[in-house]
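Just so you know, ligand 1 is whichever comes first in the structure, and atom 1 is the first atom listed for that ligand. Just so you know, these numbers come straight off a predicted model, no measurement behind them.
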Amino acid sequence: MEYNFDDFKVQGTKFNYYFVCKRKLWLFSKGIAMEEANDRVQQGKITHEYAYKNKEDKKEKLIDGLIKIDILEKEDIREVKLSSKMKDSDRMQLLYYLYYLKQLGIIKRGTLNYVKERRVEEVVLTIQDEEKIEEVLKEIKNILKFKYPPKVEKLTYCKKCAYYEYCYVKEID
Ligand code: SF4
């Protein structure tokens, strides 16, 4: 598949869900939204408030209506997370943000700030990361063409997922 970023770019949340669960990515993309009731999303909102408690500008930076950056600084972008439980998908999402900004001619470094653990992880975009991101964007486009959602995967975090009941009730049926 030929690659042109404008044809493939997606919301940061979708990019993240690709790494969490392909079915979740599909359900979310089709507008089956259940995230409001989900603990993790609520926790995310609390984390955001925490991140901004000493800052005057509390607005996240929304770019192209697709990527929402927690904190945009001169040299860095910062993403604030409650814990590192989903660190792989969090890291890939931040790399995607760095990649996205690079397509706009903006070069930044990234940091993941884990509030509970009081830990900061630096994230730097490499050429290999860029290649991987482009492959993932192609795969996402492909998944979103599916007529039906990918099968339920029994993942350790299913019970905490907003789609848990939806997925497992369907399974019983
Ligand atoms: S409950 Fe599990 S299988 Fe269903 S969308 Fe969530 S993570 Fe995926």
Side-chain angles (χ1 to χ4, degrees), residues 1 3 5 7-51 60 62-70 77-100 110-117 119 121 123 125 128-173:
M1 207 187 291
Y3 182 79
F5 179 59
D7 297 336
F8 286 83
K9 60 188 179 184
V10 292
Q11 227 179 315
T13 305
K14 291 181 189 170
F15 195 85
N16 181 293
Y17 285 174
Y18 173 87
F19 294 94
V20 173
C21 168
K22 313 285 186 290
R23 180 176 169 90
K24 185 168 185 167
L25 163 67
W26 191 95
L27 292 170
F28 177 79
S29 300
K30 301 298 172 192
I32 304 169
M34 296 176 166
E35 286 295 283
E36 284 304 311
N38 181 265
D39 267 4
R40 184 166 157 83
V41 173
Q42 292 301 329
Q43 282 179 358
K45 285 178 183 156
I46 294 163
T47 307
H48 178 80
E49 287 305 311
Y50 177 91
E60 295 162 316
L62 183 65
I63 295 172
D64 291 346
L66 289 177
I67 63 167
K68 206 187 278 177
I69 294 170
D70 284 346
I77 57 174
R78 294 178 181 273
E79 287 295 298
V80 183
K81 306 288 177 191
L82 200 56
S83 80
S84 60
K85 272 188 193 150
M86 304 298 282
K87 66 178 180 190
D88 294 340
S89 54
D90 291 340
R91 184 173 178 278
M92 286 312 300
Q93 186 175 356
L94 181 52
L95 282 168
Y96 176 56
Y97 287 177
L98 293 171
Y99 173 90
Y100 197 113
T111 57
L112 281 166
N113 296 248
Y114 295 113
V115 174
K116 264 190 186 171
E117 297 145 39
R119 193 161 62 80
E121 193 177 304
V123 176
L125 182 72
Q128 289 77 15
D129 293 326
E130 292 187 36
E131 287 168 0
K132 172 152 191 176
I133 287 164
E134 289 168 11
E135 284 310 309
V136 169
L137 290 174
K138 286 183 200 171
E139 284 182 39
I140 289 176
K141 198 170 181 93
N142 196 32
I143 290 167
L144 300 190
K145 282 188 204 154
F146 294 172
K147 197 169 171 194
Y148 300 105
K151 287 204 157 121
V152 171
E153 287 183 60
K154 291 196 165 61
L155 299 163
T156 51
Y157 39 81
C158 278
K159 280 194 179 163
K160 292 203 171 151
C161 173
Y163 295 105
Y164 178 71
E165 285 186 24
Y166 182 89
C167 286
Y168 286 85
V169 167
K170 288 264 174 199
E171 278 280 278
I172 292 162
D173 283 346

Rounding to 0.5 Å, atoms NZ (Lys87) and CG (Asp90) come to a distance of 10.5 Å

Should the heavy atoms of other residues, nucleotides or ligands under 6.0 Å from NZ of Lys22 be counted, would the total exceed 12?
yes

Can you name the side-chain contact (heavy atoms from CB on, under 4.5 Å) partners of Glu135, sequence neighbours left out?
Lys138

Can you list the protein N, O or S atoms less than 2.8 Å from atom 4 (Fe) of ligand 1?
Cys167 SG

Residues at least two apart in sequence or cross-chain that pass side-chain hydrogen bond (donor to acceptor under 3.5 Å, both in side chains) with Tyr97, listed by chain then number, are Gln93

Please enumerate all residues that pass side-chain contact (heavy atoms from CB on, under 4.5 Å) together with Gln11, with sequence neighbours excluded.
Thr13, Lys14, Phe28, Leu66

Just checking Lys30: does its NZ atom have more than 12 heavy atoms from other residues, nucleotides or ligands closer to it than 6.0 angstrom?
yes

